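The structure displayed is predicted, hence computed values, not measured ones. Order of the sequence lines sets the chain letters (A, B, ...), proteins ahead of strands, with each chain counted from 1.
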Amino acid sequence: AQSVTQPDIHITVSEGASLELRCNYSYGATPYLFWYVQSPGQGLQLLLKYFSGDTLVQGIKGFEAEFKRSQSSFNLRKPSVHWSDAAEYFCAVGLTGANNLFFGTGTRLTVIP
Amino acid sequence: NAGVTQTPKFQVLKTGQSMTLQCAQDMNHEYMSWYRQDPGMGLRLIHYSVGAGITDQGEVPNGYNVSRSTTEDFPLRLLSAAPSQTSVYFCASSLRSPTSGDTQYFGPGTRLTVL
């Protein structure tokens with residue numbers, strides 16, 4: 001079955017530490033890939049997206065993600081986390097010719113001082 | 001501009017009641033959609049529209065109706081609310097389909113409780 005998997009429900013990191021959030025997908029073709037962030041009580045905001053080309057994608061707020069076709073993954077990274085990064089992060093997938101996105105279940109990030 | 005606005009922010013209904021969740025955008029976006037967010041399930045698409053007069057079903061359309069009479073507005077109707085519809089509802093819009101490369105903008109959400 002087609003799916004988007006975020007294996008980590010909750011991650012806690014110290015401020016200043018590096019971060020990697022995992023996302024795996026299961027689709028026949030290479031999909032379009034997205035990362036969104038949701039701050040408490042807010043809607044979702046697009047961090048970055050991959051459609052084609054360079055597999056390392058830069059986004060807003062210092063985030064980046066790398067598409068690895070062989071691993072069907074699109075992991076989100078940040079070299080140094082700030083307290084304001086505490087939020088929930090969603091990976092999403094879109095398929096060519098489709099009109100909608102499929103979202104993962106999300107990873108909640110807690111940042112400790 | 002205001003972006004994507006949703007009203008109300010909170011709503012409590014009794015089983016069997018009907019209501020309409022409002023969504024409006026002022027960015028002249030053709031594509032609009034409704035998602036519901038439930039704990040541990042991420043966001044699931046309810047209905048979407050690729051332009052005025054055109055709507056289609058998403059993953060979980062049962063119990064919901066939509067219409068798109070103008071580019072700006074995309075209301076979501078619950079005809080007979082059920083406790084299973086307790087959720088947070090998000091409206092989103094983009095110039096074209098999110099798989100076209102256009103950024104999708106989300107509203108702040110409506111938290112609905114059905115008793």
Side-chain angles (χ1 to χ4, degrees), chain A residues 1-10 21-27 29-54 57 59-61 74 87-108, chain B residues 2-7 9-10 21 23-25 29-51 54-61 66 68 87-111:
Chain A
Q2 299 174 334
S3 66
V4 183
T5 303
Q6 293 181 248
D8 304 305
I9 296 173
H10 186 201
L21 302 182
R22 296 183 290 165
C23 174
N24 293 94
Y25 63 90
S26 172
Y27 290 92
T30 298
Y32 303 125
L33 298 159
F34 306 79
W35 274 101
Y36 285 85
V37 61
Q38 183 182 31
S39 298
Q42 303 295 315
L44 278 71
Q45 180 184 22
L46 181 68
L47 283 176
L48 47 78
K49 58 189 175 186
Y50 172 79
F51 274 60
S52 64
D54 192 347
V57 181
I60 62 171
K61 305 186 181 187
F74 189 56
E88 188 146 19
Y89 292 80
F90 292 92
C91 179
V93 162
L95 302 178
T96 304
N99 277 310
N100 56 290
L101 301 183
F102 296 95
F103 283 81
T105 53
T107 297
R108 181 168 299 280
Chain B
V4 180
T5 58
Q6 292 183 239
T7 56
K9 291 190 186 306
F10 302 93
L21 280 63
C23 173
Q25 52 87 12
H29 286 170
E30 292 294 327
Y31 182 94
M32 296 184 74
S33 56
W34 277 102
Y35 292 89
R36 60 177 289 172
Q37 183 179 31
D38 301 294
M41 301 192 73
L43 276 75
R44 292 181 293 168
L45 184 68
I46 304 172
H47 285 285
Y48 67 94
S49 169
V50 298
I54 306 169
T55 64
D56 206 346
Q57 296 180 351
E59 295 177 74
V60 289
V66 293
R68 184 97 179 268
S87 188
V88 181
Y89 292 84
F90 288 100
C91 180
S93 77
S94 52
L95 188 59
R96 296 170 296 167
S97 161
T99 56
S100 67
D102 293 331
T103 297
Q104 195 170 28
Y105 296 88
F106 283 78
T110 294
R111 185 175 293 275

Note: vs chain A, highest number of non-hydrogen pairs under 4.5 angstrom among B:C91, B:S100, B:S33, B:P39 is B:S100

Checking A:Q42, A:R108, A:H10 against A:E88 for side chain to side chain contact (heavy atoms under 4.5 Å, CB included), the one that qualifies is A:R108

task = Check step by step if side-chain hydrogen bond (donor to acceptor under 3.5 Å, both in side chains) holds for A:N24 and A:T5.
result = CA-CA 5 Å; A:N24 293 94; A:T5 303; over 6 Å; no

Applying a strict 4.5 Å limit to non-hydrogen atoms, the region of A:Q6 in contact with chain B is neither

query: Does the side-chain contact (heavy atoms from CB on, under 4.5 Å) test come out yes or no for A:T107 and A:I9, once each step is laid out?
result: CA-CA 5 Å; A:T107 297; A:I9 296 173; over 6 Å; no

Of B:F90, B:F106, B:Y89, the one forming a ring pair (Phe, Tyr, Trp, His ring centres under 6.0 Å) with B:Y35 is B:F106

Looking only at B:M41, B:R44, B:Q37, most heavy-atom pairs under 4.5 Å shared with chain A are made by B:Q37

Okay, B:Y105 and chain A: the region with an atom under 4.5 Å from a heavy atom over there is neither

Bottom line for B:L45: the part with an atom under 4.5 Å from chain A's heavy atoms is side chain

For residues A:F34 and A:F51, establish whether the separation of their ring centroids is below 6.0 Å.
yes

